[in-house]
2 protein chains.
Amino acid sequence: MNEKNVSCCPVERLLGVVSGQWTAYLLWVLHQNGPQRFGALQKLIPGISTKVLTERLRMLEASGLLLREQAATIPPQVTYSLTPRGLELRALMDGLGDVARRWDAEGWRPPVR
Amino acid sequence: MNEKNVSCCPVERLLGVVSGQWTAYLLWVLHQNGPQRFGALQKLIPGISTKVLTERLRMLEASGLLLREQAATIPPQVTYSLTPRGLELRALMDGLGDVARRWDAEGWRPPVR
DNA sequence: CTGGATCCCTCAGGATACTG
DNA sequence: CAGTATCCTGAGGGATCCAG
């Protein structure tokens with residue numbers, strides 16, 4: 001979040017990992033659709049660049065939320081899945097989806113900046 | 001989140017509002033401490049600049065999550081509180097805090113980028 | 001297919017000074 | 001007290017090309 005994720009506050013630390021662009025959405029997609037391959041994620045997240053997708057996956061892997069499994073085949077088969085720790089976000093993700101859909105149904109729209 | 005918050009996906013739309021730097025933390029602070037004045041928020045969120053705090057408050061107000069009340073006194077008294085819609089995030093905020101504290105107690109630390 | 005490597009560029013966000 | 005008004009920087013992110 002702020003400086004180098006060396007915040008003293010647990011909430012800030014967690015948010016620091018999850019609040020990058022696409023990050024929360026990426027996690028949400030994985031919660032909704034289960035383990036996915038790189039290409040599949042690109043299709044599930046229209047508009048994300050390979051660079052950013054790679055960065056996010058690496059960072060979430062380093063955070064212990066994501067598992068990267070590479071099959072030694074040609075062409076390579078790489079699958080990303082949530083670790084047990086990643087799965088602990090399940091309730092949060094569900095809650096997020098619930099609120100989002102409810103507000104959407106109520107006609108709520110964010111400001112147009 | 002991505003372009004101009006004109007995403008088709010409800011989840012993306014909600015995240016677009018909440019995912020700016022400090023934003024989620026600001027909401028969390030308001031949930032934890034109740035209505036606060038500008039100066040109090042600055043103290044509760046060490047490191048945030050007046051500019052960014054102002055921006056976030058304005059954007060959340062425009063989103064209907066926050067209420068801004070100004071007393072016509074001198075010096076001015078401005079209080080920010082969560083609207084009913086903002087309060088609907090309560091469960092999410094609590095869940096966030098729970099996970100953050102638990103992981104923290106487990107010794108979890110984000111990667112040092 | 002799954003990325004790594006580059007280049008480029010915008011703009012979010014920080015710092016500072018000033019005002020009603 | 002509660003903000004505006006500027007200026008400026010850097011890093012986040014897009015596009016493209018290349019490689020194992």
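Below, chains carry the letters A, B, ... as their sequence lines are ordered, and counting in each starts from 1. As the structure is a computational prediction, the values presented were derived from the model and not from experiment.
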Hey, does the side chain of [X] come within less than 4.0 Å of [N]'s phosphate (OP1/OP2), counting only N and O?
X	N	answer
A:Tyr80	C:dG3	yes
B:Arg58	D:dT4	yes
A:Arg68	C:dT2	no
A:Gln42	C:dT2	no

[X] [atom1] to [N] [atom2], straight-line distance once rounded to whole Å:
X	N	atom1	atom2	value
A:Lys43	C:dG3	NZ	P	14 Å
B:Leu41	D:dC1	CG	C1'	13 Å
A:Ile48	C:dT2	CD1	P	14 Å
B:Leu57	D:dT4	CG	P	10 Å
B:Ile74	D:dA2	CD1	P	13 Å
A:Gln21	D:dA11	CD	C1'	13 Å
A:Trp22	D:dA11	CH2	C1'	18 Å
B:Leu66	D:dA2	CG	P	14 Å

How would you list all residue pairs meeting ring pair (Phe, Tyr, Trp, His ring centres under 6.0 Å) that involve [range], not counting sequence neighbours?
range	answer
residues 40-74 of chain A	none
residues 56-78 of chain A	none
residues 79-108 of chain B	B:Trp103-B:Trp108

Can you tell me if [X] uses its side chain to pair, donor with acceptor, with the backbone of [Y] under 3.5 Å?
X	Y	value
B:Thr73	B:Pro75	yes
A:His31	A:Gly86	yes
A:Ser63	B:Pro110	no
A:Thr83	A:Leu67	no

If you measure from the Lys or Arg side-chain nitrogens to the Asp or Glu carboxylate oxygens, is any gap between B:Asp94 and B:Arg90 under 4.0 Å? yes

Considering residues at least two apart in sequence or located in another chain, which fulfil the side-chain contact (heavy atoms from CB on, under 4.5 Å) criterion with B:Leu92? A:Leu96, A:Val99, B:Leu89

Nucleotides 15-20 of chain C: which of its N/O atoms have a protein N/O under 3.5 Å away?
none

Just to be sure I understand the geometry, which residues of residues 31-40 of chain A put a non-hydrogen atom under 4.0 Å away from DNA chain C? A:Arg37, A:Phe38, A:Gly39

